[in-house]
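Below, chain A is the first sequence line, B the second, and so on; all start at residue 1.
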Amino acid sequence: MTELPKAYDPAAVEPDLYEDWLAAGLFSADPDDEGEPFAIVIPPPNVTGALHIGHALTNAIEDAMVRRARMQGKNAVWIPGMDHAGIATQNVVEKQLAAEGTDRHELGREAFVERVWEWKEESGGRILDQLRKLGSSLDWDREAFTFDEPRSRAVREVFVSLHEQGLIYRGNRLINWCPRCHTALSDIEVDHSDDVGELARFRYPFADDPDGGIEVATTRAETMLGDTAIAVHPDDERYADVVGREVRHPFQDRTFRVIADDYVDPEFGSGAVKITPAHDPNDHAIALRHDLEVIDILAEDATLTDVVGERFAGLDRFEARRQVKEELDALGLLLGVDSHEHSVGHCSRCDTVVEPRLSDQWFVEVRPLADKAAQAVRDGRTRLVPDRFTKSFLDWLDGLHDWTISRQIWWGHRIPAWYCPDGHITVTREDAPTACTECGQGGLVQDEDVLDTWFSSQLWPFTVFGWEKPGDTTPELETWYPTAVLETGYDINTFWVSRMLMIGLWFLDEVPFRVIYNHGMVRDQYGKKMSKSFGNVIDPLEFIDEFGADALRFALFQHSSPGTDVPLAPEWVEGAKRFTNKLWNIVGFGLRVLDDARPGALPPREQLALEDRWILSTLERTRAQAEDAYATWDYARISGALYHLAWDELADWYLEAVKPRVYGDDPDTKATAQAVLARVLDDLLRLLHPMIPFVTEQLWRALTGAAGGPESLMVAPYPTGRPDDLDEDAEAGFAAIRDLVTEVRRFRSQNGVAPSARFELTVTSSARGVLEGHRTLVTSLAGLSDVTFVDALEDRPGTSTIVLDGGQAQVELAGLIDVDAELARIDKELARAEGDLRGVEGKLGNANFVDKAPAEVVQQQRDRQVELTRTIEELTAQRGALADLTS
RNA sequence: GGGCGCGUAGCUCAGUGGUACGAGCGCCGCCUUCACACGGCGGAAGUCGCUGGUUCGAUCCCAGCCGCGCCCACCA
């Protein structure tokens, strides 16, 4: 058989294997094929740059899922694709333009969008390369993009349908506005953080009594320029006679009233609230109840408009905040400015502080959709893994507000709505409608806005299967929808998962996925979130180049349990690399000793040796453990179980145990050993393949002689149960041997007996039967010259006793140890230890040292004193025992 | 303010109602033994956050507390 290179070199193996899989069409699936359907759609990565380590985790997990399903004979498909990622991608390109000293407005809309497409090609190409390097077995023939033609048609159909159903509407409402991105945002695109700000208290003078007035407070002083009322609680007696009175605006020539509303908390501050209907959601609600005037003071870039008056017009909001306070102070109206911690909304894409702003936007009325989705979760038609995410998922659905879907950016699906000169709205499937549906006029102009990127991503689980409009059906949809599992990080359950669930149920009347599997976030070795600002992000390609894709994957699996964050350090990946190398050498050993034996049928059970039955039993038990862990996609357990099997059981014990036979001359026992070894290696590679596809494929080809191409481990059957292999007697028997061997090794280590030194052992044990029956095995593993079994040990001088599990072993010390040399060694060590101890005690006896040295250092010396004292005691005891021998 | 999770060896994490079997990395000692020094063998190291309770018995169950993290939330 082929000799393998001595060490595993991933770079020499991985690229070719991927090409080979591709060429053989092993990633391609056909809806008409046999087998239980099993589909996963990739969470389409944003074309904003390159994949980060979190993507590596997602893709490793999904690849393992789909590879295992494929090996199990399922009709498995994994759909690739990317997301155009509206605002995020536009921001990337805008930054590029800024670096070039220009901006999108200078370029114009058409040229800008063209430019983003160019970037999409570049970024997308890089992502594609990364996905391949990771080993992702994606069906590339089915690659989709959220902004390609078929997906765009579906987006328009969904928009128009929902509009026809009255679930999409246009309205003038208070929305979240990002002054930097110049667009509306949905609620979940706003990240709240508790920031330390200021609470400014000031007085609004009464219109008829400039020296009197009412105290209010605000964190955004500039909003007072748009105040149109002051509200107090109806039951607040302090203000009972103030309600209805007018106050005068200090900077503008207008007055407004004090009103009463339940919303006000009398306990907070003065108990009176200034009302800015255009820039605060609560105030807006109050304005509607009381029919207040609404004054919009903010421009798109959050500078103040002319309505605020000459003094402040044109100022940036933060500058205005400062100056308003100054002016109030100058007028003697400012009562104080206190530090105040409060929640501030930031744009999730650029971190700019968002402003509530009144504007015309498109909305989805989500209630009916959300109710359906929540019902599906409650019915168990789809379930979350781990289950603990279910509650917050449902809470979120239950409390959902209407979804702002229009964005004032250029990169995205243009809203299929047109306006006639009279402002009537025509929503249509047509590309270029010529007549207003309301008045029949021509000269229609399309809405400038584009859709929230999630509006198209939500259609992903069915548009990738050819769905373009309600009622569509395709072979792919019939076979693969609902998909088996939606695997993604818990951070996008609200953004993406919930929306897919809502819209999938709405248009296809069936959940888009039966399981929502949430993996955790990848963190660094200190548990810190990886982020650009921390400077701790690592490019997956760096790991792959250094350790191989399998190593990166395995390291991620080793720490990945459902919903649990995954810490990752270079050392972890290095450790996983060592595992792949170990595997390489395990199989390499196998190849050297198997002669022409290939995995196949085993000899009858009675021909198997104890160690054979033990390893087969262990293999089956581990396989079952992995199987159980797969039921919950607990990759930390799965990888842990298989790692343990390969390294601690197979490599450390079985391979050593089997050497006497495979290197021996007895053709029968040799053939049996070879058959078992081949079987175990074969199964191990199959079990590991979904997680570490490259190294296992390469080794499996060497082991089985498979030619590659269609002869691939990728499509070899995944091991199913062999319950007959479970053998408790063999496990117990081998455990007894193992115990004896380990105790002998410990004896050697503690007594300075070289591993190469042979000696005799006299043993008494409750496991005598097994041990005696496997004399060769015992002596070879423990490095003994001979072993004798007795009913009871005699108490003999000059011997040492080794305690066993259920027995004892006796070693003749004479001759085993060169007593004089050992005595000399011990004396030398003793002298050194005593010298050290004197030094330490000298220091500790020095009052100067004890008083002045840092407590830590003193303690260090004390610890060392204790340690040295103990060492000396032990050495002295050893010396005594040895001296007895010579006398 | 609400919800979720976490606090076990120096580090990152497993783990179970019955003396912590812990793992990887790190550390100490021995070994270049014919698969592997990306290795082998042996070893040191933990009041299982704190306080109560349930129990024959809790690191694991319950309650409270302390600390940390995350998510959600329209209190000026």
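- B:C71 atom P lies 10 Å from atom CZ of A:Phe495, rounded to whole Å.
- Ring pair A:Trp647/A:Phe579 is parallel by interplanar angle, where below 30° counts as parallel and above 60° as perpendicular.
- Checked against side-chain contact (heavy atoms from CB on, under 4.5 Å), A:Arg748 has the following partners two or more places apart in sequence or in another chain: A:Val744, A:Val753, A:Ala757, A:Phe759.
- Nearer the 5' end of RNA chain B, as judged by each residue's closest nucleotide, is the contact made by A:Ala754, out of A:Tyr263 and A:Ala754.
- Nucleic acid contact class of A:Arg220 (heavy atoms, under 4.0 Å, all strands): none.
- Rounded to whole Å, the P atom of B:C68 lies 15 Å from the corresponding atom of B:U8.
- With a 4.5 Å cut-off on side-chain heavy atoms, A:Asp236 and A:Pro266 count as touching.
- Residue-level contact check: A:Ser756 touches neither bases nor backbone, having no heavy atom under 4.0 Å from any strand.
- Residues passing the side-chain contact (heavy atoms from CB on, under 4.5 Å) test with A:Arg201, sequence neighbours excluded: A:Glu215, A:Ala217, A:Leu335, A:Asp338.
- At a threshold of 4.0 angstrom between heavy atoms, the contacts of A:Val587 with the nucleic acid are absent.
- Note on A:Leu655: a base of the nucleic acid sits closer than 4.0 angstrom, heavy atoms only.
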Protein and nucleotides 21-23 of chain B: nitrogen or oxygen contacts under 3.5 angstrom:
none

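- Counting non-hydrogen atoms under 4.0 angstrom, A:Thr742 reaches the backbone sugars and phosphates but no base.
- For A:His342, the ring-ring contact (aromatic ring centres under 6.0 Å, His included) partners are A:His340, not counting sequence neighbours.
- A heavy-atom distance below 4.5 Å is not found between the side chains of A:Tyr8 and A:Asn585.
- There is no side-chain donor-acceptor pair under 3.5 Å between A:Lys582 and A:Thr580.
- Atom C1' of nucleotide B:C41 and atom CZ of A:Arg748 are separated by 10 Å, given to the nearest angstrom.
- Cation-pi contact between A:Arg745 and A:Trp653: present, with separation from the ring centre below 6.0 Å and deviation from the ring axis of at most 45°.
- For the pair A:His284 NE2 and B:C75 P, the computed distance is 17 Å after rounding to whole Å.
- Rounded to whole Å, the P atom of B:U54 lies 15 Å from the corresponding atom of B:A63.
- Across all strands, A:Ala7 comes closer than 4.0 Å to base atoms (heavy-atom distances).
- Taking atom C1' on both B:G10 and B:C27, the two are 9 Å apart, rounded to the nearest angstrom.
- For the P atoms, the distance from B:U19 to B:G29 is 34 Å, rounded to whole Å.
- Within the 3.5 Å criterion, the main-chain N or O of A:Phe363 finds no donor-acceptor partner in the side chain of A:Arg173.
- The stretch residues 572-585 of chain A comes close to RNA chain B through A:Trp572, A:Lys577, A:Arg578, A:Asn581, A:Lys582, A:Asn585, each having a heavy atom under 4.0 Å from the strand.
- Between A:Lys6 and the phosphate of B:A37, there is a side-chain N or O to OP1/OP2 separation shorter than 4.0 Å.
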I'd like a table of donor-acceptor pairs (distance under 3.5 Å, sequence neighbours excluded) in which one partner is a side-chain atom from residues 554-562 of chain A, with atom names and distances.
residue: A:His559; atom: NE2; partner: A:Trp572; partner atom: NE1; Å: 3.3
residue: A:Ser561; atom: OG; partner: A:Asp634; partner atom: OD1; Å: 2.8

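- Put simply, the side chain of A:Glu14 gets close to the backbone of A:Ala549: a donor and an acceptor are under 3.5 Å apart.
- By the side-chain contact (heavy atoms from CB on, under 4.5 Å) test, A:Ser785 pairs with A:Arg758, A:Glu760, sequence neighbours left out.
- Candidate nucleotides B:C4, B:C36, B:U12 were compared by shortest atom distance to the side chain of A:Pro567, and B:U12 ranks first.
- Atom C1' of B:U55 sits at a distance of 29 Å from the matching atom of B:G67, rounded to the whole Å.
- Heavy atoms of A:Asp652 sit under 4.0 angstrom from primed sugar atoms or phosphate atoms, though from no base atom.
- Taking the P atom of each, B:C60 and B:C75 are spaced 37 Å apart, rounded to whole Å.
- A:His192 has its NE2 atom 18 Å from the P atom of B:G2, to the nearest Å.
- Nucleotides B:A45 and B:G52 are separated by 28 Å at their P atoms, to the nearest Å.
- Nucleotides of RNA chain B nearest to A:His342 and A:Val593 differ in position, and the one nearer the 5' end is that of A:Val593.
- Look at the P atom in both B:G46 and B:A20: the space between them is 13 Å, to the nearest Å.
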How does protein contact run along nucleotides 5-10 of chain B, one letter per nucleotide 5' to 3', with B for base contact, S for sugar-phosphate only, - for none, heavy atoms under 4.0 Å? S-----

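- Partners of A:Asn518 according to the side-chain contact (heavy atoms from CB on, under 4.5 Å) rule, which considers only residues two or more places apart in sequence or in another chain, are A:Leu384, A:Pro386, A:Phe389, A:Thr488, A:Tyr490, A:Asn493, A:Ile516.
- As rounded to whole Å, 19 Å separates atom P of B:C28 from atom CD of A:Gln750.
- Across the protein-nucleic acid pair, A:Trp396 atom CH2 and B:G3 atom P stand 20 Å apart, rounded to whole Å.
- In this structure, CD1 of A:Ile492 is placed 18 Å from C1' of B:C72, rounded to the nearest angstrom.
- In RNA chain B, stems built from 3 or more consecutive Watson-Crick or G-U wobble pairs, each with both distances under 3.5 Å, span B:1-7 with B:66-72, B:10-13 with B:22-25, B:27-31 with B:39-43, B:49-53 with B:61-65.
- Between the CD atom of A:Glu267 and the P atom of B:G1 there is a distance of 16 Å, rounded to whole Å.
- For residues 559-581 of chain A, the pairs satisfying salt bridge (Lys or Arg N to Asp or Glu O under 4.0 Å) are A:Arg523-A:Asp565, A:Glu574-A:Arg578, with sequence neighbours left out.
- Residues passing the ring-ring contact (aromatic ring centres under 6.0 Å, His included) test with A:Trp633 are A:Tyr517, sequence neighbours excluded.
- Side-chain proximity of A:Ser749 to the nucleotides B:C13, B:C70, B:G42 is greatest for B:G42.
- Judged by distance alone, with hydrogens and angles left aside, the side-chain atoms of A:Asp265 form a donor-acceptor pair with the main-chain N or O of A:Glu267 at under 3.5 Å.
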